[in-house]
Amino acid sequence: MILREMMPEDLEQVMEIEERLFSHPWTREGFFTFLMKSNAMFLVVEEKGQILGYCGCLLVLDEGDITNVAVKKERQEEGIGSFMIDGLIRFCRERGVTLLHLEVRKGNQKAIRLYERNGFKMDGYRKNYYTDPSEDAVLMSRTEGI
Ligand SMILES: CC(C)(COP(=O)(O)OP(=O)(O)OC[C@H]1O[C@@H](n2cnc3c(N)ncnc32)[C@H](O)[C@@H]1OP(=O)(O)O)[C@@H](O)C(=O)NCCC(=O)NCCS
């Protein structure tokens with residue numbers, strides 16, 4: 001299992017995972033646009049040519065905004081999410097990032113626990129941030145060791 005930068009050739013597999021997991025999936029064009037940005041960092045976890053998960057963030061000065069985190073449904077709860085977030089933090093550190101932040105659905109306890117295990121702390125809430133279904137966002141960030 002390796003962690004590497006996402007390439008346009010990965011998008012077919014990435015889209016399969018994305019469309020199964022999210023009520024408002026990103027489009028292929030959306031991912032492609034981000035991959036072309038010099039301040040975006042998108043990573044995939046790959047095993048024998050299969051994409052198992054991916055994550056991405058946008059870097060602005062010394063801050064990173066995590067925009068995507070996903071692990072293929074049938075490969076969740078094997079530690080891939082943690083492996084990926086740990087790697088993303090490392091890559092960000094190498095690019096000079098000192099603050100990482102993200103939003104997550106308040107009811108997505110699995111993701112919140114994943115971020116907490118990886119050093120993120122809750123900063124607050126954003127009321128009714130999400131739609132389908134409508135839900136508050138939890139705002140989280142990590143500064144230590146970044
Ligand atoms: C959130 C998400 C990325 C987590 O990925 P994951 O690969 O399942 O994460 P991990 O395996 O590292 O951790 C998940 C759980 O499995 C457990 N686990 C990890 N390795 C394990 C193993 N080898 N055996 C058994 N359990 C294990 C972890 O302890 C953790 O338990 P917890 O939820 O009770 O704390 C994944 O569930 C997902 O893609 N969800 C849908 C998309 C999503 O919500 N993305 C986040 C948007 S902000």
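Remember, it's 1-based here, ligands and their atoms both numbered in the order they're listed.
If you check which protein heavy atom lies closest to atom 45 (N) of ligand 1, you get Val69 O, 2.8 Å. For atom 31 (O) of ligand 1, the closest non-hydrogen atom of the protein is Arg117 NH1, 4.0 Å. Protein heavy atom closest to atom 38 (C) of ligand 1, with residue, atom name and distance, is Gln76 NE2, 3.2 Å. Regarding atom 12 (O) of ligand 1, its nearest protein heavy-atom neighbour is Ser82 N, 3.0 Å.
In terms of polar-atom proximity, defined here as any N/O pair under 3.5 Å, Leu114 makes no such contact with ligand 1. By the 3.5 Å distance cut-off applied to N or O atoms, Ala111 is not counted among the residues near ligand 1. Considering backbone and side-chain N/O atoms, Glu78 comes within less than 3.5 Å of an N/O atom of ligand 1. At least one N or O atom of Gly81 sits closer than 3.5 Å to an N or O atom of ligand 1.
Close approach of ligand 1 to Val104 is summarised as follows: ligand atoms under 4.0 Å from at least one heavy atom of the residue are 48 (S). Close approach of ligand 1 to Ala70 is summarised as follows: ligand atoms under 4.0 Å from at least one heavy atom of the residue are 39 (O). Taking every heavy atom of Gly79 and a limit of under 4.0 angstrom, the matching atoms of ligand 1 come to 10 (P), 11 (O), 12 (O), 19 (C), 20 (N). If you number the atoms of ligand 1 from 1 as listed, the ones under 4.0 Å from a heavy atom of Lys110 come out as 33 (O), 37 (O).
Val69 and Phe22 fall into different hydrophobic clusters, defined by Ile, Leu, Val, Met, Phe, Trp and Tyr side-chain heavy atoms under 4.5 Å apart, directly or through other members. Side-chain heavy atoms closer than 4.5 Å link hydrophobic residues (I, L, V, M, F, W, Y) into clusters, and following such links, possibly through other members, connects Ile85 to Val138. Residues Met140 and Tyr125 fall within the same hydrophobic cluster, defined by Ile, Leu, Val, Met, Phe, Trp and Tyr side chains chained together at heavy-atom separations under 4.5 Å.
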Working for side-chain hydrogen bond (donor to acceptor under 3.5 Å, both in side chains), residues Ser23 and Asp132: CA-CA 7 Å; Ser23 59; Asp132 289 336; 5.7 Å; no
Passes salt bridge (charged side-chain N to carboxylate O under 4.0 Å, His left out), Lys72 versus Glu16? Steps please. CA-CA 9 Å; Lys72 197 173 183 166; Glu16 264 180 45; 5.8 Å; no
One pair to check against salt bridge (charged side-chain N to carboxylate O under 4.0 Å, His left out): Glu18 and Arg28. What are the steps and the verdict? CA-CA 10 Å; Glu18 177 80 9; Arg28 177 188 288 257; over 6 Å; no
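With a heavy-atom cut-off of 4.0 Å, Val71 touches ligand 1 through backbone and side chain alike. Residue contacts with ligand 1, taken as heavy atom pairs separated by less than 4.0 Å, involve Tyr115 solely via side-chain atoms from C-beta onward. Counting heavy atoms under 4.0 Å from ligand 1, residue Phe22 touches it through the side chain alone. Contacts between Asn108 and ligand 1 below 4.0 angstrom, taking non-hydrogen atoms only, involve the side chain exclusively.
The number of heavy atoms from other shown groups lying within 6.0 Å of CD (Glu74) is above 12. A 6.0 Å sphere centred on CD1 of Ile2 holds more than 12 heavy atoms belonging to other residues, nucleotides or ligands.
Salt-bridge formation is not detected for the pair Arg113/Glu116: no Lys NZ or Arg NE/NH1/NH2 atom is positioned less than 4.0 Å from an Asp or Glu carboxylate oxygen. Between Arg117 and Asp86 there is no salt bridge, since none of the side-chain N atoms of the basic residue sits less than 4.0 Å from a carboxylate O of the acidic one.
When the heavy atoms of Arg113, Glu77, Gln109, Glu116 are ranked by distance to atom 25 (C) of ligand 1, first place goes to Glu77.
Tyr129 and Glu135 share no side-chain donor-acceptor pair at under 3.5 Å.
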